Amino acid sequence: MKILGITGMTGAGKTTLVRQVEAYGGRALDCDVIYHALLASCEPMLREIQAQFPEAFSGGTLERKALGKIVFADADKLNILNEITHKYVILDVKNELFKAHEDGVALVAVDAIALVESGLGNLCDLTVCVTAPEEVRIARLMAREGISREYASARIRAQKSEEEFCKMCDLRLENNGTREEFERKCQEFLKKLISSTTERKVTL
């Protein structure tokens, strides 16, 4: 089983690459989905979050929008939240990778914005950073979530820089054209990854 780690800033086009992985018969582990599931059910994680961000809770219940407003406007607070949540997300990812291995899946993609600094990259055979111009990312986030330009910009700029993501990955996959062009680029990349017999040696 080959494990591909996908990282990059919000709106860069990670989802497009993930969909191409699935088109090749691979399995995708979306760490955002895992994270949101944990927010709904993981009491130990919620207790840690409440200890750091009590103002995000109302009557003992987490208000997700309130938490978002707190952390996406402040990089330091976002880092604190990430330190809490990443360890729980990683544990779930490890469990899902074990299941994929047991099921005989040939290719698994781990989709996580925080893949590099959380240590998820160490679980992968190859890591790739998907990149795109900032204005494009802002427009995509606004359209996808129906939020203002100011809030979209704050969310994107609270993250680490694109260069910080890229320098810890094996490859950069640049999304600087149309969706169709990027889909073709993803397809070519995956063909090389799947046919490669040597780990961490795929070139674009």
Side-chain angles (χ1 to χ4, degrees), residues 1-46 48-49 62 64 81-132 140 144-145 165-166 168-175 179-180 182-204:
M1 181 174 70
K2 287 189 184 251
I3 305 172
L4 172 66
I6 304 171
T7 190
M9 297 183 76
T10 298
K14 297 185 302 298
T15 300
T16 299
L17 178 55
V18 169
R19 286 175 179 162
Q20 292 304 313
V21 168
E22 292 173 327
Y24 273 91
R27 183 175 297 177
L29 305 181
D30 188 332
C31 290
D32 283 344
V33 172
I34 291 172
Y35 165 68
H36 287 293
L38 289 171
L39 282 180
S41 62
C42 185
E43 291 298 326
M45 188 178 82
L46 288 169
E48 289 193 49
I49 294 173
L62 174 65
R64 297 190 187 191
L81 178 64
N82 287 340
E83 287 178 5
I84 295 170
T85 61
H86 288 171
K87 58 188 176 185
Y88 294 97
V89 171
I90 289 174
L91 180 60
D92 266 35
V93 169
K94 286 181 177 179
N95 290 335
E96 292 299 323
L97 289 174
F98 178 77
K99 291 177 187 176
H101 178 71
E102 291 291 296
D103 292 341
V105 178
L107 176 65
V108 177
V110 181
D111 174 16
I113 292 174
L115 181 121
V116 173
E117 62 267 42
S118 68
L120 282 171
N122 296 330
L123 303 178
C124 303
D125 297 310
L126 191 76
T127 54
V128 58
C129 182
V130 181
T131 68
R140 287 175 184 159
R144 187 175 72 199
E145 301 192 13
F165 280 112
C166 288
M168 296 297 291
C169 289
D170 299 301
L171 296 171
R172 176 197 295 255
L173 198 60
E174 192 171 5
N175 182 5
R179 176 187 288 181
E180 291 75 19
F182 187 57
E183 285 179 347
R184 287 194 293 271
K185 183 180 285 189
C186 291
Q187 290 165 7
E188 288 301 313
F189 165 65
L190 290 172
K191 284 179 184 176
K192 292 179 180 180
L193 173 62
I194 292 167
S195 63
S196 173
T197 57
T198 306
E199 297 177 356
R200 300 184 182 271
K201 294 297 183 183
V202 177
T203 57
L204 296 180

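All figures in this text were calculated on a predicted structure; none of them were measured in a lab.
Side-chain contact between Leu29 and Leu97 is present, with heavy atoms from C-beta onward closer than 4.5 Å. Residues Met45 and Leu39 form a side-chain contact, since some pair of their non-hydrogen atoms from C-beta on lies under 4.5 Å apart. Contact annotation: the side chain of Met1 approaches that of Val108 to within less than 4.5 Å [non-hydrogen atoms, C-beta and beyond]. For the pair Met168/Thr7, no side-chain contact is recorded, criterion being any heavy-atom separation below 4.5 Å from C-beta on. Taking the side chain as every heavy atom from C-beta outward, Phe189 and Gln20 never approach each other to under 4.5 Å.
Atom OG1 of Thr85 sits about 8.5 Å away from atom CG of Leu38, to the nearest 0.5 Å. Annotation: the span from Leu46 atom CG to Ser41 atom OG amounts to 8.0 Å, rounded to 0.5 Å. Between the CG atom of Leu4 and the CG atom of Leu190 there is a distance of 7.0 Å, given to the nearest 0.5 Å. With values rounded to the nearest 0.5 angstrom, Asp125 atom CG is found 8.0 Å from Leu193 atom CG. Separating the SG atom in Cys186 from the CZ atom in Arg179 is a distance of 11.5 Å, to the nearest 0.5 Å. The distance from the CG atom of Asn122 to the OG1 atom of Thr127 is 9.5 Å, given to the nearest 0.5 Å.
Heavy-atom neighbours of Lys94 NZ from other residues, nucleotides or ligands within 6.0 Å: at or below the threshold of 12. Counted within 6.0 Å of CZ on Arg19, heavy atoms from surrounding residues, nucleotides or ligands total 12 or fewer; the atom is thus considered open.
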*Where do Leu123 and Val110 land on the side-chain contact (heavy atoms from CB on, under 4.5 Å) test, with the steps shown first?*
CA-CA 9 Å; Leu123 303 178; Val110 181; over 6 Å; no
*When you look at Glu188 and Lys191, which way does the salt bridge (charged side-chain N to carboxylate O under 4.0 Å, His left out) test go after all the steps?*
CA-CA 5 Å; Glu188 288 301 313; Lys191 284 179 184 176; 3.5 Å; yes
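For the residue pair Gly8 and Lys14, the shortest heavy atom distance occurs at O-NZ, 3.5 Å. Between Phe182 and Gly13, the shortest heavy-atom contact is CE2-O, 3.4 Å. For Glu22 against Ala28, the heavy-atom pair with the smallest separation is OE2-CB, 3.5 Å. Between Arg140 and Ala12, the shortest heavy-atom contact is NH1-O, 3.2 Å.
Under the 3.5 Å distance criterion, the side-chain polar atoms of Lys185 are matched with a main-chain donor or acceptor of Glu174. Arg172 places no side-chain N or O within 3.5 Å of a backbone atom of Cys166 that could act as its donor or acceptor partner. In this structure, the side chain of Asp30 engages the main chain of Asp32 through a donor-acceptor pair within 3.5 Å.
With Leu173 as the fixed residue, the side chain to side chain contact (heavy atoms under 4.5 Å, CB included) test singles out one of Thr16, Ile6, Val128: Val128.
In this structure, Lys99 pairs ionically with Glu96, as a charged nitrogen and a carboxylate oxygen lie closer than 4.0 Å.
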